[in-house]
Amino acid sequence: MKVVVGISGGSGAIYAVSLLKALKTMNIETHLVISTMGEYVVDHECGIGIDELKKMATHFHDNKNFAAPIASGSFRVDSMVVVPCSMKTLAGIANGFSDGLLTRACDVMIKERKKLILVPRETPLSPIHLENMLKLSKIGVSIVPPTPGFYNHPQTLEDIVLNMTGRILDMMDIDNSLVHRWKGR
């Protein structure tokens with residue numbers, strides 16, 4: 001299995017780090033691409049520099065490298081997730097504006113009808129944000145806001161992050177035990 005992981009400049013880099021760690025533990029091949037602001041936010045929020053982040057992925061692709069394999073539909077991948085997904089990145093994807101490898105890889109996923117998952121991080125949402133999300137959802141892109149559930153009684157921030165990581169893995173059809181599944185009353 002091959003998964004592209006994109007990181008853009010929205011807050012919530014902790015989810016990207018958690019996802020990369022989980023995919024590595026599962027021996028799933030990852031292709032990482034990060035926007036300039038994504039790199040900044042991971043460092044600012046998690047204290048993780050680009051060199052350490054690169055070690056979490058199988059392959060790293062510079063956001064300026066349009067010759068990277070993930071820029072082409074002939075390169076086979078199973079799914080792509082952008083976590084966190086800034087509203088700028090989401091707007092670029094929704095309108096086919098591929099100004100970097102990250103948005104180009106998303107464009108490829110859409111044109112190849114592959115699984116694309118966006119984890120948008122913004123609040124409150126403006127009508128423009130909502131329209132862009134609806135536009136993408138209508139063509140099959142999964143919009144997965146990192147909204148925690150509390151029915152499983154999380155005790156720590158890590159509990160919340162791991163449950164969300166599991167939900168993202170679920171969206172990629174990757175079996176995991178990170179989600180506390182609802183079993184009824």
Side-chain angles (χ1 to χ4, degrees), residues 1-10 12-13 15-35 37-39 42 53-54 56-122 129-147 164-176 178-179:
M1 181 172 232
K2 292 180 190 174
V3 175
V4 178
V5 177
I7 302 174
S8 69
Y15 294 114
V17 171
S18 178
L19 181 64
L20 284 167
K21 287 178 179 178
L23 291 168
K24 187 170 189 160
T25 300
M26 298 172 172
N27 294 316
I28 293 174
E29 182 178 328
T30 53
H31 291 261
L32 177 63
V33 58
I34 310 169
S35 71
M37 281 307 295
E39 189 177 327
V42 172
L53 201 57
K54 286 179 186 179
M56 294 179 191
T58 314
H59 304 280
F60 174 78
H61 305 284
D62 187 287
N63 195 37
K64 295 176 190 141
N65 182 10
F66 281 88
I70 62 173
S72 173
S74 67
F75 184 72
R76 307 296 291 168
V77 297
D78 297 286
S79 58
M80 178 173 180
V81 60
V82 180
V83 55
C85 184
S86 69
M87 291 301 113
K88 176 184 184 257
T89 299
L90 194 135
I93 297 163
N95 293 286
F97 185 66
S98 299
D99 62 342
L101 179 60
L102 193 156
T103 48
R104 170 59 188 166
C106 291
D107 191 39
V108 167
M109 298 301 288
I110 292 168
K111 79 179 187 69
E112 296 294 324
R113 302 196 189 291
K114 294 284 189 170
K115 193 171 294 196
L116 176 59
I117 300 144
L118 304 180
V119 183
R121 175 46 206 113
E122 187 63 72
H129 301 150
L130 293 167
E131 286 174 7
N132 284 334
M133 287 184 216
L134 179 60
K135 183 177 186 178
L136 289 166
S137 181
K138 284 181 176 180
I139 61 168
V141 175
S142 296
I143 308 296
V144 184
T147 309
M164 188 66 215
T165 302
R167 295 299 304 264
I168 295 167
L169 291 169
D170 283 350
M171 295 301 300
M172 292 187 282
D173 295 322
I174 298 173
D175 239 1
N176 71 88
L178 298 177
V179 176

**Q.** Flag side-chain contact, heavy atom, 4.5 Å: Leu169 against Leu23
**A.** yes

Q: Mind listing the closest non-hydrogen atom pair of Glu39 and Ile34 along with its distance?
A: N-CG2, 3.2 Å

(Q) Return the NZ to CD1 distance between Lys135 and Ile93, rounded to the nearest 0.5 Å. (A) 12.0 Å

Q) Among Lys88, Arg104, Lys64, which residue meets the salt bridge (charged side-chain N to carboxylate O under 4.0 Å, His left out) test with Asp99? A) Lys88

Q) For the atom pair CE (Met56) and NZ (Lys21), what is the distance rounded to the nearest 0.5 Å? A) 5.0 Å

Q) Should Leu101 and Asp62 be marked as a side-chain contact (heavy atoms from CB on, under 4.5 Å) after you check the CA-CA gap, both sets of side-chain angles, and the distance that decides it? A) CA-CA 7 Å; Leu101 179 60; Asp62 187 287; over 6 Å; no

Q | Rounded distance [0.5 Å steps], CG in Asn65 versus CD1 in Ile70 | A | 8.5 Å

Q.
Just checking Phe97: does its CZ atom have more than 12 heavy atoms from other residues, nucleotides or ligands closer to it than 6.0 angstrom?
A. no

Q | Side-chain (Thr30) to main-chain (Val3) donor-acceptor, under 3.5 angstrom | A | no

Q: Just say parallel, tilted or perpendicular for the rings of His31 and Phe75, cut-offs at 30° and 60°.
A: perpendicular

**Q.** Min side-chain heavy-atom separation Met37-Ser86 under 4.5 Å
**A.** no

(Q) Check whether Thr103 reaches the backbone of Gly100 with its side chain - one donor and one acceptor, N or O, closer than 3.5 Å. (A) yes

Q) Is there a side-chain contact between Met171 and Ser79, using heavy atoms and a 4.5 Å cut-off? A) no

Q: First locate atom CE of Met1, then atom CE of Met26, and finally report the distance between them rounded to the nearest 0.5 Å.
A: 10.0 Å

(Q) Which heavy atom of Ser35 sits nearest to which heavy atom of Leu102, and what is that distance? (A) N-CD1, 4.0 Å

Q) So how far is it from Ser8 OG to Leu90 CG, rounded to the nearest 0.5 Å? A) 8.5 Å

Q. Looking only at heavy atoms, which two atoms of Pro120 and Pro146 are closest? And how far apart?
A. O-CD, 3.1 Å

**Q.** Audit row: Glu112, Val77, side-chain contact (heavy atoms from CB on, under 4.5 Å) steps and yes/no
**A.** CA-CA 10 Å; Glu112 296 294 324; Val77 297; over 6 Å; no

Q) Under 4.5 Å between any side-chain heavy atoms of Leu20 and Leu32, yes or no? A) yes

Q: Kindly compute the distance separating NZ (Lys2) from CD (Glu29), expressed to the nearest 0.5 Å.
A: 5.0 Å

Q.
If you define the side chain from C-beta out and look only at heavy atoms, does anything of Pro84 sit under 4.5 Å from Ile7?
A. yes

Q.
For Val83 versus Ala16, what's the shortest heavy-atom pair and its separation?
A. O-CB, 3.1 Å

Q) Would you call Leu19 and Met172 a side-chain contact if the rule is heavy atoms closer than 4.5 Å? A) yes

Q) Does the side-chain contact (heavy atoms from CB on, under 4.5 Å) test come out yes or no for Leu118 and Thr89, once each step is laid out? A) CA-CA 10 Å; Leu118 304 180; Thr89 299; over 6 Å; no

Q: Taking the side chain as every heavy atom from C-beta outward, state whether Leu53 and Val17 have any atom pair closer than 4.5 Å.
A: yes

**Q.** Side-chain heavy-atom pair Asn132, Asn95 within 4.5 angstrom cut-off
**A.** yes

Q: Work out which heavy atom in Ser137 is nearest to a heavy atom in Ile143; give both atom names and the distance.
A: CB-CG1, 4.4 Å

Q) Val144 and Met164: which non-hydrogen atoms are nearest, and at how many Å? A) CG1-CE, 3.3 Å

Q | Whether over 12 other heavy atoms sit under 6.0 Å from Arg167 CZ | A | no

Q. Is it true that atom NZ of Lys54 has more than 12 heavy atoms of other residues, nucleotides or ligands lying nearer than 6.0 Å?
A. yes

